[in-house]
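Computed over heavy atoms, backbone and side chain alike; hydrogens, waters and symmetry mates excluded.
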Amino acid sequence: DSSKIAIIQILLTAYFNIVRKSIADSVPKAIMYGLVNKVKTELQQDLLKALLHSSDGSSLTLEDPEVSNGRKRSREIIALLSNAQDLIDQVSVGALC
């Protein structure tokens, strides 16, 4: 009987240690989840207020000039690279003939 009691005590201790660790791991996760959700909700409300209070809705659809310039520069680079590829192809074909 005493060996069975000792085994049960060992198993219960192990079980409670597992449960304690599980709860200890869950508490910070729950706290962070709550904080993130609170910040998300407040941020959504603030953004919605700013959106509704903006006098000119068209300003939301304007593109940043830096993005526009970057796109223009990228198109120029693509054109230059395409021309360079055409020249390399012409040289390669000329070398084969």
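The distance from atom OH of Tyr33 to atom NZ of Lys38, rounded to the nearest 0.5 Å, is 15.0 Å. Atom CZ in Arg73 sits 11.5 Å away from atom CD1 in Ile78 (nearest 0.5 Å). Atoms CG and CG, on Asp64 and Asn69 in that order, are 9.0 Å from each other to the nearest 0.5 Å.
Checking each of Ile18, Leu12, Thr13 against Phe16 for a side-chain contact (heavy atoms from CB on, under 4.5 Å) leaves exactly one that passes, namely Leu12. Among the candidates Glu66, Glu63, Glu76, the single residue satisfying the side-chain hydrogen bond (donor to acceptor under 3.5 Å, both in side chains) test with Arg71 is Glu63.
A side-chain N or O of Gln85 and one of Asp89 form a donor-acceptor pair less than 3.5 Å apart.
The shortest side-chain heavy-atom distance between Leu81 and Ile77 falls under the 4.5 Å cut-off.
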### Task
May I have the step-by-step check of side chain to side chain contact (heavy atoms under 4.5 Å, CB included) for Ile7 and Leu11, ending in yes or no?
CA-CA 6 Å; Ile7 290 173; Leu11 291 174; 3.9 Å; yes
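Both Val27 and Leu35 sit in one connected hydrophobic cluster of ILVMFWY residues. Membership requires side-chain heavy atoms under 4.5 Å apart, directly or through other members.
Salt bridge status for Asp25 with Lys21: present, with a side-chain N to carboxylate O gap under 4.0 Å.
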